[in-house]
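A short worksheet on the structure shown next.
For the single chain, residues carry numbers from 1 onward in sequence order. Numbering of ligands and ligand atoms starts at 1, following listing order. Bear in mind the structure is a predicted one, so any value in this text is a computation, not a measurement.
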Amino acid sequence: MQEWKPTACMLCENNCGIEAKISDDGQSIAKIRGDNLHPASQGYVCQKASRIDFYQNGIDRIKQPLKRTTSGSYEEISWDTAITEIAEKFVAVKNSFGGDKVFYYGGGGQGNHLPASYGMSTISALGGRYRSNALAQEKTGEGWVSASMFGAYAQRGDFENCDVAVFLGKNPWHSHGLQRSRVTLREIAKDPKRTLVVFDPRVSETAEIANIHVRVKPGGDAWALAALIAIMLQENLEKSDWIKEHVSDFEEIRDIFGQLNIDKYCVWAGVDQEQMRQLAKVLFASDKIAWFEDLGVQMSRNSTLVSYLHRLCWLVTGSFGKKGSQYIPNTMRPLMGSNPSLAKRSPVAGAPLLGGMVPCNVIAEEILSDHPERYRAMLIESANPAHSLADTKSFVKAMAALELTVVIDVAMTETARNADYVLPAKTQYEKAEATFFNFEHPANYFQLRQPILEPPSDANVLSEAEIHARLVEAIGEMPAEVAELKEIMRSDGLLALTKAFTQFGRDNPMLNRLAPVALYRVMENILPSGSETAATLLPVTLFVAQNEPACLERAGISGHDTEEIAVSLFNRIIASPHGFVYSIDAEHSSWDRVRTGSGLINATIPVLLPELHALSDGPNELTSEQFPFILSAGERRPYTANTILRGKDWRKKDAEGALRISPEDASDLGLDSGDYRILTTASGSVSVVVEISTRMARGHISLPNGFGLDSATGKDSFKRAGIATNELTAAADRDFLAGTPRHKQVPANLSQAF
Ligand SMILES: Nc1nc2c(c(=O)[nH]1)N[C@H]1C(S)=C(S)[C@@H](COP(=O)(O)OP(=O)(O)OC[C@H]3O[C@@H](n4cnc5c(=O)[nH]c(N)nc54)[C@H](O)[C@@H]3O)O[C@H]1N2
Ligand SMILES: Nc1nc2c(c(=O)[nH]1)N[C@H]1C(S)=C(S)[C@@H](COP(=O)(O)OP(=O)(O)OC[C@H]3O[C@@H](n4cnc5c(=O)[nH]c(N)nc54)[C@H](O)[C@@H]3O)O[C@H]1N2
Ligand code: SF4
Ligand SMILES: [Mo]
């Protein structure tokens, strides 16, 4: 067995640092342990980390470039043929319809964000404008609300130091999202001076240990939060001095909530009014409250409005910009744009491009129209939208309607199986990789993982950096400056290159747009072997050096000018395979990142006020005689990891992904665990295995996320494990503004298996 090598787990956004031992044949990851030297995870891992060889040696791994034949099967082609044909076909689409008709989807999963920058180079070379990824089916509403109130993406809470932790539709025991999640949750729950609060219709693993579990009705969060705010304002339980100092336009909010009928709202939310009043007192008594919203409210009724009400809770309780509360971290790259304007729209549906992204739920609809501005080609990378987006059937149909679809992935996914070309990428353990999910505060970290394995000898695979560099060259757009920059790097080093790159970029904006592929070509064979895919980080370090030099300096990264600081940071990244702290915030840093002009937080978002008023009409009934259940289509469980791990052997339990149902409902229907039933929604019908679970409330049923993948068993035969939830969902069932899907409340029916 070889020695331990530092890397990271890529099965969820935490990206815990791990150390891996490679088998003697150099082909597989044989042993895993938490990496004590990782600055954020500090040795922590959950039960899934040990499963990552099911990714590295996944059953559906692709090893050669593939082209779809007229019969629908795939033939292996050479890289030269693939690159030449794909470039020609993209250019033909550009010439016939315009480069903005080439759509980019994906670019990064839970553990890899470098491909997106390389992919955007290909799109920029074609003149593309429209893009999207999974964020535009979960976090764009939250991002836009944050941008409207804070002028920045304000999302994170300081759970380590809080006295009260509030989770809205979030089950961090399994889904994580905060570092060392289970350790932190246990510490809060056990400390009599601290309070763990969970809003969830289910007794989730987090709710189970919570001190206050608000068992809201599915989709009832808007009424629950509105009632909570109203209680605090009507009973003078708000932090009024803090509000005066930090918030603008709060009086309008006070008026709205001053008149709100708390009794009715609690009934509509399905919550106990006494419990809400007790919670209001707990919040008023605390000065350190950390909050986290996730899919339970973001893929839910009133999703964007709930993100707003959630942030109003921060204001009423004074939960921002101080220890133990909400903060804005100094990230390497902002995950989402922070422009609250609704002016930019998608070309066919006219949907606002929140965070610059087309809402996932409108993509297929736009392609399947006869509108002259519809997209004509798509490049899909590190994503599986034919499985992960609402209404699989429409997405597959949309792919077929395009002139060209190209998928870049490590596995033959459900999406790849519908593409014209499939390009095989190196895995995240065969190239240097990183994520921009670095959200810690006050000390923030970054980890560039070096490759720990060679690709299998029969695999003809490339990194995304190399694939896109070749595509941009074949399109004929590789910037001419590359040769000269390479010479400068060779003769005078990285600092000279950085200065020349900045200077050349001023004269040629295209060099900036294509910087990732250009710098990759400049630095290949010069950067330490294996690190070359990190080239795209140079402009990122310039960005951070420009914007946050004081935070870098506190972490010991400094220089005489921006380029020197950037180079110092870049060198540290390359030399720190365990990850390192690159930024330390001051007490005021979050406030410095509030970009509203006045420095105050905006309490009102005019577009959402009609929605807020409309709550007084009460909720629409979600169920009916035809569909008496509310299905949550996609819950995180111990052995789910989006669609990163394929097949079922990696799961230690729940291999089929059972439908969970309450004992009361099961008894009404005469059901036992292990029985099969037909589950029907307005979009489809599937056969499910049932598990009776005391976690579920009456009327609420739940399926896990990431099941229903079709793994190859032969050339054209597949085996499916579990339910592909998006065969049951509808793209039109979405938020009025962000377009985010309402997967947590799909009306459904259960009937006898035939
Ligand atoms: N094990 C595992 N971890 C993961 C992932 C994975 O696939 N597997 N995926 C990662 C990804 S991409 C993401 S985005 C995160 C998501 O992380 P979470 O959002 O925590 O995951 P979910 O289990 O989908 O939903 C959280 C909770 O919402 C509750 N819920 C359902 N309906 C409602 C409602 O109407 N109101 C409220 N308040 N709650 C409701 C559910 O009962 C559930 O407990 O997890 C990440 N981590
Ligand atoms: N009904 C329903 N639908 C959902 C959800 C739900 O709860 N319910 N959850 C949603 C959420 S929150 C999310 S985030 C999405 C996730 O869905 P997607 O964004 O589609 O992503 P993943 O399932 O994480 O798949 C990642 C893909 O990247 C590939 N990959 C892995 N490593 C590499 C690499 O190094 N290079 C390349 N090129 N590819 C690589 C994997 O093989 C896989 O195909 O699903 C969403 N869909
Ligand atoms: S799946 Fe577990 S070990 Fe892996 S990154 Fe997430 S929390 Fe860490
Ligand atoms: Mo997600």
Side-chain angles (χ1 to χ4, degrees), residues 8-16 18 34 41 44-49 51-52 55 58 60 105-106 108-112 115 133-135 137-139 167-172 174-177 179-181 198-202 204-207 214 216-221 224 293-301 306 360 381-390 407-411 413-416 423-428 430-431 433 463-464 630 632-644 646 695 700 702-706 724-726 728-729 741 743-746:
C9 172
M10 31 64 81
L11 296 178
C12 87
E13 64 166 85
N14 265 40
N15 300 125
C16 298
I18 57 175
S41 60
Y44 178 91
V45 280
C46 79
Q47 75 286 350
K48 292 189 297 298
R51 320 313 283 161
I52 56 173
Y55 163 77
D60 295 311
Y105 190 86
Q110 299 292 298
N112 57 327
N133 63 42
L135 286 173
Q137 45 89 70
E138 49 175 323
K139 302 275 174 289
F167 293 101
L168 305 171
K170 168 92 194 155
N171 181 17
H174 278 313
S175 66
H176 289 81
Q179 295 289 339
R180 305 167 69 248
S181 180
V198 174
F199 283 64
D200 199 312
R202 245 176 14 106
S204 69
E205 292 74 3
T206 314
V214 180
V216 59
K217 269 190 200 160
D221 300 84
E293 64 166 81
D294 214 340
L295 303 186
V297 294
Q298 290 177 345
M299 289 187 170
S300 180
R301 292 301 186 268
V306 170
C360 294
E381 180 164 42
S382 306
N384 191 3
H387 182 277
S388 61
L389 297 197
V407 164
I408 304 176
D409 205 298
V410 300
T413 64
E414 293 58 37
T415 310
L423 301 180
K426 286 187 175 180
T427 71
Q428 297 176 41
E430 296 165 353
K431 65 194 173 211
E433 252 310 349
S463 68
E464 289 83 359
I630 293 176
S632 281
E635 173 186 296
R636 273 67 190 162
R637 292 188 186 167
Y639 290 98
T640 65
N642 286 2
T643 69
I644 306 165
R646 303 179 61 84
R695 296 187 187 284
H700 189 203
S702 162
L703 275 175
N705 172 53
T725 44
N726 286 313
L728 299 169
T729 59
H743 290 326
K744 292 295 182 209
Q745 291 107 28
V746 183

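Without hydrogens or angle criteria, Asp409 side chain to Ser382 main chain gives no donor-acceptor distance under 3.5 Å. The main-chain N or O of Tyr105 is never found under 3.5 Å from a side-chain atom of Asn133 such that the two would form a donor-acceptor pair. Judged purely by atom type and a 3.5 angstrom limit, Arg636 uses its side chain to pair as donor or acceptor with the backbone of Gly634. A donor-acceptor pair under 3.5 Å is absent between the side-chain atoms of Glu138 and the main chain of Met299, judged by distance alone. Between the side chain of Ser463 and the backbone N or O of Lys426 there is no donor-acceptor pair closer than 3.5 Å.
In this structure, His174 is part of the shell of residues with a heavy atom less than 4.0 angstrom from ligand 1. Under the 4.0 angstrom criterion for non-hydrogen atoms, Ala383 is in contact with ligand 2. Residue Gly706 places every heavy atom at 4.0 Å or more from ligand 1. Under a 4.0 angstrom heavy-atom cut-off, Arg637 registers as being in contact with ligand 1. Distances from ligand 1 to the non-hydrogen atoms of Glu635 include at least one value under 4.0 Å.
Counting atoms of ligand 1 from 1 in the listed order, those under 4.0 Å from a heavy atom of Pro218 are 35 (O). Residue Pro201 approaches ligand 1 through these ligand atoms, each under 4.0 Å from one of its heavy atoms: 30 (N), 32 (N), 33 (C), 34 (C), 36 (N), 37 (C), 39 (N), 40 (C). Contact atoms of ligand 2 toward Thr725: 1 (N), 2 (C) (distance under 4.0 Å to a heavy atom of the residue). The distance from ligand 1 to the heavy atoms of Ser204 drops below 4.0 Å at these ligand atoms: 44 (O). Of all atoms in ligand 1, listed by their number and element, those nearer than 4.0 Å to a heavy atom of Gln745 are 34 (C), 35 (O). Set against the non-hydrogen atoms of Ser300, the atoms of ligand 1 under 4.0 Å away are 35 (O). Residue Cys12 has at least one heavy-atom neighbour below 4.0 Å for each of these atoms of ligand 1: 47 (N). Those atoms of ligand 1 with a heavy atom of Gly219 less than 4.0 angstrom away are 34 (C), 35 (O). Applying the 4.0 Å criterion to heavy atoms of Lys426 picks out, from ligand 2, the atoms 35 (O). Atoms of ligand 1 lying under 4.0 Å from at least one heavy atom of Thr640, given by number and element, are 1 (N), 2 (C), 6 (C), 7 (O), 8 (N).
Looking from atom 7 (O) of ligand 2 to the surrounding protein, the closest heavy atom is Arg636 NH1, 2.8 Å. Of the protein's non-hydrogen atoms, the one nearest atom 34 (C) of ligand 2 is Asn112 ND2, 3.4 Å. Given atom 36 (N) of ligand 1, the protein heavy atom at minimum distance is Asp221 OD1, 2.7 Å. The nearest heavy-atom contact from the protein to atom 14 (S) of ligand 2 is Glu138 OE2, 3.2 Å. Closest protein heavy atom to atom 32 (N) of ligand 2: Tyr55 OH, 2.8 Å. The closest protein non-hydrogen atom to atom 45 (O) of ligand 1 is Ser175 CB, 3.3 Å. At the shortest separation from atom 27 (C) of ligand 1 among protein heavy atoms lies Asp200 OD2, 3.4 Å. Among all protein heavy atoms, the one lying closest to atom 3 (N) of ligand 2 is Asn726 ND2, 3.1 Å. At the shortest separation from atom 46 (C) of ligand 2 among protein heavy atoms lies Gln137 OE1, 3.0 Å. Nearest protein neighbour of atom 5 (C) of ligand 2, counting heavy atoms only, is Asn705 OD1, 3.5 Å. Regarding atom 26 (C) of ligand 1, its nearest protein heavy-atom neighbour is Gly169 O, 3.4 Å.
The shortest N or O to N or O distance between Lys139 and ligand 1 is not under 3.5 Å. Residue Pro638 has no N or O atom closer than 3.5 Å to an N or O atom of ligand 1. Considering backbone and side-chain N/O atoms, Thr643 comes within less than 3.5 Å of an N/O atom of ligand 2. Residue Ile408 has at least one nitrogen or oxygen atom sitting less than 3.5 Å from a nitrogen or oxygen atom of ligand 2, judged on distance alone. Close N/O approach between Tyr105 and ligand 2 is not found [any backbone or side-chain N/O within under 3.5 Å]. Inclusion of Lys744 in the set of residues having an N or O under 3.5 Å from an N or O of ligand 2 is not warranted. Taking distance alone, with nitrogen or oxygen atoms compared against 3.5 Å, His176 stays at or beyond that limit from ligand 1. Here's the thing with Ser382: one of its N/O atoms is less than 3.5 angstrom from an N/O atom of ligand 2. Residue-to-ligand polar distances place Phe199 within reach of ligand 1: an N/O pair is separated by less than 3.5 Å.
Residue-level proximity to ligand 1 for Lys48 is carried by the side chain, the only part with a heavy atom below 4.0 angstrom. Residue Glu464 touches ligand 2 through its side chain alone, judged by heavy-atom distances below 4.0 Å. Contacts of Leu295 with ligand 2, taken as heavy-atom pairs under 4.0 Å, involve the side chain alone. Residue-level proximity to ligand 2 for Met299 is carried by the side chain, the only part with a heavy atom below 4.0 angstrom.
Considering NE2 of His174 and CD of Gln47, their distance stands at 6.5 Å, rounded to 0.5 Å. Atom-to-atom distance recorded for Glu635:CD and Arg202:CZ is 3.5 Å, nearest 0.5 angstrom. Separation of atoms OG1 (Thr729) and CD (Gln137) is listed at 10.0 Å; rounding is to 0.5 Å.
Checking Ala641, Cys360, Ala134 against atom 19 (O) of ligand 2, the nearest heavy atom belongs to Ala134. Looking at Ser463, Ser388, Gly634, it is Ser388 that brings a heavy atom closest to atom 4 (C) of ligand 2. Taking each of Asn642, Asp409, Asn384 in turn, the one with a heavy atom nearest to atom 44 (O) of ligand 2 proves to be Asp409. Counting heavy atoms only, Gly296 comes closest to atom 30 (N) of ligand 1 of the residues Gly296, Ala633, Ser632. When Lys431, His743, Glu433 are ranked by how near their heavy atoms come to atom 35 (O) of ligand 2, first place goes to Lys431. Here atom 10 (C) of ligand 1 lies nearest to Gln110 when heavy atoms of Gln47, Gln298, Gln110 are compared.
Taking 4.0 Å as the cut-off between side-chain N and carboxylate O, Glu205 and Arg637 do not count as a salt-bridged pair.
Summarising the geometry of Asn726 relative to His387, their closest heavy-atom pair is ND2-O, 2.9 Å, with the distance given to 0.1 Å. The two residues Leu295 and Lys139 make their nearest non-hydrogen contact at CD2-NZ, 4.1 Å. Contact between Gly219 and Arg301 at its shortest, heavy atoms only, is O-CB, 4.0 Å.
Listed by chain and number, the protein N, O or S atoms at a distance under 2.8 Å from atom 4 (Fe) of ligand 3 are Cys9 SG.
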